[in-house]
Amino acid sequence: MTELRLLDSDGYTVPGSVRTVTPDTEAQTREDLKELAVEHAAQWADFGYRASSYRIV
């Protein structure tokens, strides 16, 4: 199994973003993490965070 996590623009793991995936769940998990990036960036927008700067690793 693979582990995916969402990193913010500073390279920190976004809380609650670590997910263990299988080949069958990876695509949906990546979509979920993209949505989480939008939510997290919106919460911290005053500090210059943008969802496009986040990475899934």
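F47 and L36 fall within a single hydrophobic cluster, where Ile, Leu, Val, Met, Phe, Trp and Tyr are joined by side-chain heavy atoms under 4.5 Å apart, directly or via other members. Y49 is connected to V14 through a chain of hydrophobic side-chain contacts under 4.5 Å among Ile, Leu, Val, Met, Phe, Trp and Tyr, so both are in one cluster.
Interatomic distance, R5 CZ to T13 OG1, rounded to the nearest 0.5 Å: 4.5 Å. Between D32 atom CG and L4 atom CG the span is 10.5 Å, to the nearest 0.5 Å. Note that CG of L6 is 11.0 Å distant from CZ of R30, once rounded to the nearest 0.5 Å. One distance of note links CD of E26 with CD1 of I56; it measures 9.5 Å at 0.5 Å rounding.
Counting all heavy atoms, side chain and backbone alike, S9 lies closest to S53 at CB-CB, 3.6 Å.
The main-chain N or O of D10 is found under 3.5 Å from a side-chain atom of D8 such that the two form a donor-acceptor pair. For the pair T25 (side chain) and V21 (backbone), a donor-acceptor distance under 3.5 Å is absent. Remark: the backbone N or O of G16 is paired with a side-chain donor or acceptor of R19 at under 3.5 angstrom.
Remark: the Y54 side chain and the H40 side chain contain an N/O donor-acceptor pair separated by less than 3.5 Å.
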